[in-house]
Amino acid sequence: MTPLPQKTAWIQKEIDALKAAGLYNHIRIIDSPMDARVTIDGRSLLNFCANNYLGLANHPRIRAAAQKAIDEYGIGPGAVRTIAGTMSLHIELENRLAAFKKAEACISFQSGFAANLATIPAIVGRDDVIFSDELNHASIIDGCRLSRARVVRYAHNDMDDLARQIEATPEYGRRMIISDGVFSMDGDIAPLDKIVAVAEKYDIITMVDDAHGEGVLGTGGRGIVDHFGLHGRVDIEIGTLSKAFGVVGGLVAGRAEIIEWLRQRGRPFLFSSAMTVPDVAACLEAVNILSDSTELVDRLWNNAKIFSEGMAQLGFDTGHSATPIVPVMLGEAPLAQQFSRRLFEEGVFAMAIGFPTVPQGKARVRVMNSAAHSSTDIEQALEIFGEVGRELGVV
Ligand SMILES: Cc1ncc(COP(=O)(O)O)c(C=O)c1O
């Protein structure tokens, strides 16, 4: 083997340390569409990993819409939208999403991550302050850092602490409260009604990142703002098209002047190309499917209920999720990795998640329920979870 250059030798040491601590990401290679079952290493496995909440990632209507759009518009957007112009398809998607979410306006981004990086620094800067839930997603944390605003973290979902921190931090220019809508590692929901009440009391901008609520919460999957009936009272709603919508992309919904401002000042909008044509067409069809019927959203919640109740009966600790995300709490990362490996051997694909994604000592196997699962899929999965749990002394 060629010797490693001195200047980067530390990288291999760090990787070896991750492996020794059971924190190395082993990425599985999938040779099939993303669906209820996936093919990995030549075997068909039950898929309980994906954020494909509604089974749209391989839905026939979505596939057909993407194929048709390719025939009409090709693939790529050519350049950033302010330079090469914007395709009518992107505008149509943004208008449809705004109407779906009952917001004044909407703008799309390449991903939910990009939507956060675009929005936070466009709204607050060096002289401003952000109040951020301590468990907010990495893309919010990075957006906050990019903004150079002061970041004050408040205890997770703790409204008394939020109010205390606001009272103790009075001397700043603009102020913004940011929270995940659904916390992706625990599946709990932010008390958005209470956050809005605090924000209104102190006249602070509110932003919620509804990545895991989009297509899941609210009437027919209209998201967390709809879930709490807060239309018009949350300034900025971030969403993703990469999870329940089954495609890839991000969105920001809110008042027209905010969305217009992001077209002028959102850096991933100004300096990075737009979503591709098949992505946009697929998302448009996802909006159509969700607007036509609540069937998939209803099935998702029903599946999640059956799975969670089954896990509780088996004796697993599944935390305090209020959504189709079910964290199977295992404690130390090596146990979570061993659990996930044994599930895999028995035919269930469900990933172990450890530090730094979750705190040390709170490693878990995170189960993502989906409308794509049949009742037989869920029964089989529960049986396998029970067997592995008993074998490893977890239940
Ligand atoms: C809260 C939250 N925001 C943003 C993202 C990123 O979304 P995307 O995959 O579209 O970049 C995620 C995805 O994990 C998320 O959970």
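Both counts, for ligands and for their atoms, begin at 1 and track the order of listing.
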Counting from 1 in the order shown, the ligand 1 atoms closer than 4.0 Å to a non-hydrogen atom of Thr240 are 7 (O), 8 (P), 10 (O)
Hey, does Ala115 sit under 4.0 Å from ligand 1 if you only count heavy atoms?
no
Q.
Is it the case that the side chains of Asn288 and Glu285 hold a donor-acceptor pair, with the cut-off being a distance below 3.5 Å and no angle test?
A. yes
Closest heavy-atom pair, Ala211 versus Thr240, reported as atoms and distance to 0.1 Å, is O-CG2, 3.3 Å
The atoms of ligand 1 lying under 4.0 Å from a heavy atom of Gly249, numbered in the order shown, are 10 (O)
Can a cation-pi geometry be assigned to Arg233 and Phe228, taking NZ or CZ under 6.0 Å from the six-membered ring centre and within 45° of the ring axis? no
### Query
How about Phe307 and His373: are their ring centres within less than 6.0 Å of each other?
no
d(Leu89 CG, Met275 CE) to nearest 0.5 Å is 10.0 Å
Nearest non-hydrogen protein atom to atom 5 (C) of ligand 1, with distance, is His137 CE1, 3.4 Å
In ligand 1, the atoms that come under 4.0 Å of a heavy atom of Asp180 are 1 (C)
for atom 11 (O) of ligand 1, nearest protein heavy atom and its distance come out as Phe113 N, 2.9 Å
among protein heavy atoms, the one nearest atom 13 (C) of ligand 1 is Lys243 NZ, 2.6 Å
Is Glu345 salt-bridged to Arg342, going by a charged N under 4.0 Å from an acidic O? yes
Short version for Ser139: what comes under 4.0 Å of ligand 1, heavy atoms counted, is side chain
Of all protein heavy atoms, the one nearest atom 3 (N) of ligand 1 is Asp209 OD2, 2.6 Å
Paired with Leu290, the side chain to side chain contact (heavy atoms under 4.5 Å, CB included) test is passed by just one of Leu54, Leu296, Thr219, namely Leu54
Under 4.0 Å from one or more heavy atoms of His212, ligand 1 contributes atoms 16 (O)
Among non-hydrogen protein atoms, atom 8 (P) of ligand 1 lies closest to Gly112 N, 3.4 Å
